[in-house]
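To start, the structure itself, in structure tokens.
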Amino acid sequence: MSENLYDLLSRRFPADRSKPCFLLSDGRAVSYGDLEAGAARVAGRLGAEGVGPGDRVALQAEKSPEVIMIYLGVLKAGAVFLPLNSAYTPAEVDYFLGDAEPKVFVTDPPAWVAEAAAYPPMAESAPRAANDLASLIYTSGTTGRSKGAMLSHGNLAENALALHAAWGFTPDDVLLHALPIFHVHGLFVALHCALLSGCPMVWLPKFADADVLAGLERATVMMGVPTFYTRLLANSAFTRESAAGVRLFVCGSAPLLPSTFAEFEARTGQRILERYGMSEAVIITTNPLAGERIAGSVGYPLPGVELRIGGGEETGVIQIKGPSVFREYWRMPEKTAEEFTADGFFITGDVGRQDADGRVWISGRAKDLIISGGYNVYPKEVELVLDELPGVTESAVIGVPHKDFGEGVVAVVIGQGDEAAMIARAREQLAAYKAPKWILFVDELPRNAMGKVQKNLLRQTYERLFEA
Ligand code: AMP
């Protein structure tokens with residue numbers, strides 16, 4: 001039997017295909033029938049254009065239902081979906097296109113889907129095995145080179161089914177979807193839960209307070225990054241009543257501060273359910289739906305996930321094995337070998353511990369990854385850009401606690417220059433969320449005996465920078 005993920009999802013679409021899948025802000029709806037027909041047209045066009053199993057289809061665009069028609073059509077055709085962050089600059093996009101060598105690059109999904117109507121729709125999905133590649137998700141590398149995590153039909157199907165069960169989704173749910181769809185959180189975690197339930201999504205292009213507050217009146221589940229929750233709490237119009245119809249608030253992609261968890265409970269009477277995941281494995285652990293959700297813990301490993309702590313100490317780097325863990329990085333056998341243990345566990349790079357009860361607690365990141373507004377920023381990539389600017393001898397980029405973004409990107413620079421002009425120059429080469437919010441000029445950087453910059457000391461020195 002084919003294990004094409006599209007077939008698993010579409011078998012669960014509501015029998016009455018006129019039921020809504022996407023509820024749009026302007027009052028229109030896109031039905032499950034529309035979605036299915038769109039996916040079949042996309043697959044038909046891909047087939048006619050010679051795109052077959054294993055071929056990559058890249059997409060960089062604003063969020064729309066047509067992006068999902070293309071995603072599903074790509075799966076149906078047996079090809080590989082490669083979503084790119086809409087904030088990437090042309091120079092960044094060039095790297096991904098060069099590395100992944102897609103046969104098709106879509107930048108205007110509504111037009112692309114409309115043109116696909118000229119081709120005969122694909123009836124039967126291309127047969128796929130569980131191990132066959134479904135999607136390529138790039139995670140920026142600490143050395144500046146991005147790695148493509150290869151996720152198979154089986155990886156995505158297993159995780160979707162596990163989450164659908166763990167979070168108790170039913171056809172009566174309505175999911176508030178305000179996440180971007182170029183990242184695993186919005187594209188796989190949220191979307192697959194809704195599609196497996198055949199339930200509607202309040203489909204918002206981005207997080208805007210007024211739209212989210214209106215959407216919560218219809219929603220039963222919301223998924224978000226910590227920034228969504230701090231923004232809701234900062235809005236006095238968000239009350240216990242606003243949240244009353246929602247049975248579940250899920251949070252992840254970056255650590256949820258215990259203070260946010262507590263403030264949310266005080267305001268709404270509900271406890272946010274925090275879960276932990278990454279591009280290479282989708283979701284790994286989750287707090288329980290029925291049991292107690294504890295602030296600061298990311299909960300228990302999902303069924304089938306083996307989790308252990310490397311290094312022989314109580315706290316160390318989390319290692320995992322399980323049905324959703326990717327097999328390898330695209331065309332990077334050395335990286336793949338470095339990040340798996342001899343007995344097949346993936347070394348996540350996240351530092352944490354597991355308590356006697358089995359709950360997992362994350363304390364930090366082994367590498368100095370910054371997570372700003374739910375997006376990963378690798379300091380090295382920003383440093384490489386800053387170091388090229390006139391007046392800069394050396395830069396060290398760190399994440400500093402920030403009320404809205406979790407962490408804000410800050411550069412500590414040996415040299416001199418006009419801060420605003422330098423930030424503007426960095427913005428020409430980097431997505432906005434990666435560019436420093438602040439540049440501090442110093443005479444020297446703290447270093448260890450090996451000459452390495454001690455970023456932990458820098459983070460301490462500047463930890464209150466955004467409080468002012
Ligand atoms: P990405 O591959 O972009 O999804 O980023 C994955 C990284 O986000 C993980 O390796 C963690 O460092 C971090 N992360 C995701 N969820 C959580 C969470 N609930 N708490 C702490 N860190 C998280």
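First listed ligand is number 1; within each ligand, the first listed atom is number 1.
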Ion pair Lys321/Asp343, N-O distance below 4.0 Å: no

With only distance considered, is Ser253 within less than 3.5 Å of ligand 1 through an N or O on each side? yes

Could you tell me whether Ser279 approaches ligand 1 through its side chain, its backbone, both or neither, with non-hydrogen atoms closer than 4.0 Å? both

For Val221, run the side chain to side chain contact (heavy atoms under 4.5 Å, CB included) check against Leu248, Leu273, Val246, Val174 and tell me which one passes. Leu248

Honestly, is Arg247 close enough over Phe169, meaning NZ or CZ under 6.0 Å from the six-membered ring centre and within 45° of the axis? yes

Hey, are Arg271 and Glu292 close enough for a salt bridge, meaning a charged N less than 4.0 Å from a carboxylate O? yes

For Glu274, the ligand 1 atoms with a heavy-atom partner under 4.0 Å come out as 18 (C), 19 (N), 20 (N)

From the candidates Ile371, Asp350, Val351, Leu369, the one that places a heavy atom nearest atom 10 (O) of ligand 1: Asp350

Check if Arg275 has a non-hydrogen atom at a distance under 4.0 Å from any atom of ligand 1. yes

Evaluate the ring planes of Phe238 and Phe249, with Trp represented by its six-membered ring, and classify them as parallel (under 30°), tilted (30 to 60°) or perpendicular (over 60°). perpendicular

Return the orientation label for the Tyr95 and Tyr138 ring planes: parallel under 30°, perpendicular over 60°, tilted otherwise. perpendicular

Applying a heavy-atom cut-off of 4.0 Å, say which part of Cys251 lies close to ligand 1: side chain, backbone, both or neither. neither

Please state which part of His183 comes within less than 4.0 Å of ligand 1, counting heavy atoms only: side chain, backbone, both or neither. side chain

